[in-house]
Number of protein chains: 2
Amino acid sequence: MNNDFSSALKKSGLRKTKHRTAVLGVLDGSARPVAAEDVYLSLKEDGVSINLSTVYRVLDTLASSGLVTRLSIAGEPRSLFEINTMEHRHYLVCVGCNKIECIEGCPLKAYEKTLEKQTRYAIAGHRLDIYGYCPECRDKGRGAK
Amino acid sequence: MNNDFSSALKKSGLRKTKHRTAVLGVLDGSARPVAAEDVYLSLKEDGVSINLSTVYRVLDTLASSGLVTRLSIAGEPRSLFEINTMEHRHYLVCVGCNKIECIEGCPLKAYEKTLEKQTRYAIAGHRLDIYGYCPECRDKGRGAK
DNA sequence: TTAATTGCAAACACTTTGCACGCTA
DNA sequence: TAGCGTGCAAAGTGTTTGCAATTAA
């Protein structure tokens, strides 16, 4: 439970550097997936000097070694990243204010089995994002921007 | 059932131009979603002279008026487009050869209702892509590239 | 020591935009 | 004819890369 991610990095065979620790810290401290630039700005705000391209490289490295998950959602042209919780997750995206929440549970297990039989594919996974208006946006008119 | 999409364009209040007709023709003739560049190359091959930026503009216009659907899938950084069939669809993406197939039916109707109650969101829609190895790729080893 | 990491600047891929000209309705 | 549609070139994003300097192990 130490907060510097030493063991996680070691387990992945990655050197522990100030930047990797810092990036992991930002992801860990965020309730929602964030873009590379968000990480960069967040670090800058904390007084951590880092180059944006390093942020990209760190995120890429961490994603490759499975410590971090990269995801993309419709309407957001950038890649988003979050700590890989190893939990299977889905996202609820508010079309009004662009807020992203995580959803617990997955409704697709049985469906994947069915699909394997139907299509003869070896199903490896899926991506599911749900779109809608959050309680606040649904109340204020039609979720106007 | 005329093939020049006149009525569809008219219905959307769009002028019928050679380029719009041509782009719609490409989308209509493709079994899978395609990227702007694919449309561009396909037209070039057919001897249709068009500028890539015009392709982008046409696709954008058609998507805005609902004749065409824009979608993005994980692992593909570009936007993909297809004729809007008005059917609710999902995609089966082969991780081995990047082939994309459409899936009939949607397993999520009941789930969305549940979610509305749980989250107080007004659910507007969702995106679901399924990933796996197609029969060919699953056979040849582990779907090696 | 030495190989992995980083900063920096430059390159990249995809997409959008400004402007003048061309074409549809 | 009026104004939408298009080509062209240039600018914008988000992201990646080459290389020399730095740093962890």
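Below, chains carry the letters A, B, ... as their sequence lines are ordered, and counting in each starts from 1.
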Derivation of the side-chain contact (heavy atoms from CB on, under 4.5 Å) call for A:Asp129 and A:Leu71: CA-CA 11 Å; A:Asp129 309 320; A:Leu71 51 113; over 6 Å; no
Trace of the side-chain contact (heavy atoms from CB on, under 4.5 Å) decision for A:Tyr111 with B:Ile130: CA-CA 11 Å; A:Tyr111 179 65; B:Ile130 314 261; 4.1 Å; yes
side-chain contact (heavy atoms from CB on, under 4.5 Å) evaluation trace for B:Arg20 with B:Val23: CA-CA 5 Å; B:Arg20 284 177 181 163; B:Val23 168; 5.9 Å; no
Worked verdict on A:Leu41 versus A:Glu45 for side-chain contact (heavy atoms from CB on, under 4.5 Å): CA-CA 6 Å; A:Leu41 292 174; A:Glu45 208 166 282; 5.9 Å; no
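In summary, of the residues considered (B:His126, B:Glu104, B:Glu101), a side-chain hydrogen bond (donor to acceptor under 3.5 Å, both in side chains) with B:His90 occurs for B:His126 alone.
The closest side-chain donor-acceptor pair between B:Arg127 and B:Ser72 falls under 3.5 angstrom.
A residue-by-residue look at A:Lys18 and B:Glu76 shows that A:Lys18 has its nearest nucleotide of DNA chain C further toward the 5' end.
Proximity of residues 49-69 of chain B to DNA chain D (heavy atom under 4.0 angstrom from any strand atom) is restricted to B:Ser49, B:Ile50, B:Asn51, B:Ser53, B:Thr54, B:Arg57, B:Val58. Using a 4.0 Å cut-off on heavy atoms, none of the residues of residues 30-46 of chain B approach DNA chain D.
Remark: A:Arg89 engages A:Glu82 in a salt bridge, criterion side-chain N to carboxylate O under 4.0 Å.
Under the 4.5 Å side-chain heavy-atom criterion for Ile, Leu, Val, Met, Phe, Trp and Tyr, A:Val93 and B:Ile123 are members of distinct hydrophobic clusters.
Between D:dT23 and A:His19, no contact under 4.0 Å exists linking OP1 or OP2 to a side-chain N or O. A sub-4.0 Å separation between OP1 or OP2 of D:dT13 and a side-chain N or O of A:Arg78 is absent.
First and last contacts of DNA chain C with chain A, using any nucleotide atom under 4.0 Å from a protein heavy atom and ordered 5' to 3', fall at C:dA3 to C:dA9.
Between the side chain of A:Ser12 and the backbone N or O of A:Leu14 there is no donor-acceptor pair closer than 3.5 Å.
Around atom CZ of B:Arg120, no more than 12 heavy atoms belonging to other residues, nucleotides or ligands sit under 6.0 Å away.
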